[in-house]
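Below: one structure, written as structure tokens.
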Amino acid sequence: MAEEVIIARETHELKGTVQVAGAKNSALKLIAAAILGQGETTLENIPKISDIDIMSEVLERLGAHVQRDEHSLHIDTSSVESFETPYELVTKMRASISVLGPLVGRFGQARVAMPGGCQIGARNIDMHLVGMQVLGVEFAVDHGNLVATTPNGLHGGNILLDFPSVGATENTMMAACVAEGTTVIDNAAREPEIEDLANMLNAMGAHITGAGTSTITIEGVPLASMHPCTHRCVGDRIEAGTFLVGGALLGGPVTVQGINPSFLRMALTKLEAFGCTVEMGDDSITVSRTQPLRAADIQTLPHPGFPTDLQAQFMLLASLAQGSSIITENVFENRFMFAAEICRMGADVQIDEHHAVVTGVDHLQGAPVESTDLRAGAALVLAGLAAEGETIVRHIEHIDRGYEDYVGKLRSLGANIERATIESLSAR
Ligand code: EPZ
């Protein structure tokens, strides 16, 4: 298929309401969790993004049947009998590693291709393995595949994570659901998506308490007692935050609908620090700005700290703010690639290891730029709307991984934006 690009042109006003889709970083794990219950699970509010298609394919390769009905997925895992995931799918999407815990839970074994790194970092899985080893899982590496076995069965244990890793918390929690005895995960990740996953697992028959806090306790239940369920995925806080930054950038008011404001407390606090007005409803957030953007410092941390997935978007805000902002990236070792692209548009960003000093400029200039990861890509599109002239964003497949109809939603807010094939550009 011909490469597509996004053409973003100078836009003076972005205002209106967008409906937030279901959270990519929850939905992917909810799909994996369906493995633990034999029968048809229905997941609602599942975004139409390419990562979901890949995870659905992973489950189908395991023997499940996945049928999409608009924003619902019907996943029948009755005939899942394989516990191997193919390399070509795992390399497409490293989040496929989330099937490891459920496969070990259901089969007592798994063979999952080792996920590679990606642009933002090595993305190791050592904490996943250490956590599951406490539960009695033994690992070996066989030609790029991680082979998990449970020679003495799956039993509960006390896990202390080095770092509150989202993936490690999820994999160990899913395996612990059907381990014999009690498991306690200390220094667990506290992201809202962890709580969403725990709520689904409990609806399937698991006994999990403490999800959303640093200490999660799982009372193991027999595998046979786990059953399918119907579960609605929470709204995507990162998609919501991305559109709120668009409103902050161009003045708004922009409202995001279908999101629990408590998921974004730190990001909303920072929007106010940048000079914005934030109003919260039960499941909506509105941002507007009438005064110039002012500099503010940010450091990314595990939830409830500032989300690393909004770091690029806020670097864009800082690039047009009065004064200098210091942005510290504490979660990934290489997540400043966005800076190089936005400097091509006239921003002033100095990188020093995991600090970025962003000195605001009066305006950005449109330019051809490249998405390096889905969040940087989404931020580059917003930069193009704020910049003078025209910005061509390439490698937008990254954006399509995590944003459903990004162009359509921005257009509904008044953005001067379109998708085009790269060939049509040369024909202009
Ligand atoms: C999840 O990744 C998200 N992805 C990421 O979102 C998000 O940035 C991240 O959590 C942090 O919030 C999905 O949920 C699919 P981690 P995950 O385990 O689980 C290191 C996006 O843009 N680490 O909390 O991989 C790791 O390398 C994506 O939607 C180890 O060293 O995040 C990273 O530096 C990007 N060993 C840090 O910890 C391990 O065993 C945080 O990783 C596990 C992690």
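When reading the values below, keep in mind they use all heavy atoms of this one structure, side chains included, and skip hydrogens, waters and symmetry mates. In listed order, ligands and their atoms are each counted from 1.
- R9 contributes no side-chain N or O that, together with a main-chain N or O of L385, makes up a donor-acceptor pair within less than 3.5 Å.
- When T286, T17, D283 are each tested for a side-chain hydrogen bond (donor to acceptor under 3.5 Å, both in side chains) with Q257, only one passes: D283.
- The closest donor-acceptor contact from the side chain of H155 to the backbone of E180 lies at 3.5 Å or more, if one exists at all.
- Atom 40 (O) of ligand 1 has as its closest protein heavy atom M127 N, 2.7 Å.
- The stretch residues 182-210 participates, sequence neighbours left out, in these salt bridge (Lys or Arg N to Asp or Glu O under 4.0 Å) pairs: E193-R237.
- Taking any N or O of A95, backbone or side chain, none lies under 3.5 Å from an N or O belonging to ligand 1.
- At least one heavy atom of K29 sits less than 4.0 Å from an atom of ligand 1.
- In this structure, R401 has no heavy atom closer than 4.0 Å to ligand 1.
- Residue E170 places no heavy atom under 4.0 Å from ligand 1.
- The aromatic rings of F107 and F83 sit tilted relative to each other, their planes meeting at an angle between 30° and 60°.
- For ligand 1, one of its N or O atoms has an N or O atom of V166 under 3.5 Å away.
- R123 CA, 3.3 Å is the protein heavy atom nearest to atom 27 (O) of ligand 1.
- Protein heavy atom closest to atom 36 (N) of ligand 1, with residue, atom name and distance, is D126 OD1, 2.8 Å.
- With sequence neighbours excluded, the residues that form a side chain to side chain contact (heavy atoms under 4.5 Å, CB included) with K15 are E13, P253.
- Atoms of ligand 1 found under 4.0 Å from any heavy atom of G167 (numbered from 1 in listed order, with element): 18 (O), 19 (O).
- Closest protein heavy atom to atom 15 (C) of ligand 1: N25 OD1, 3.4 Å.
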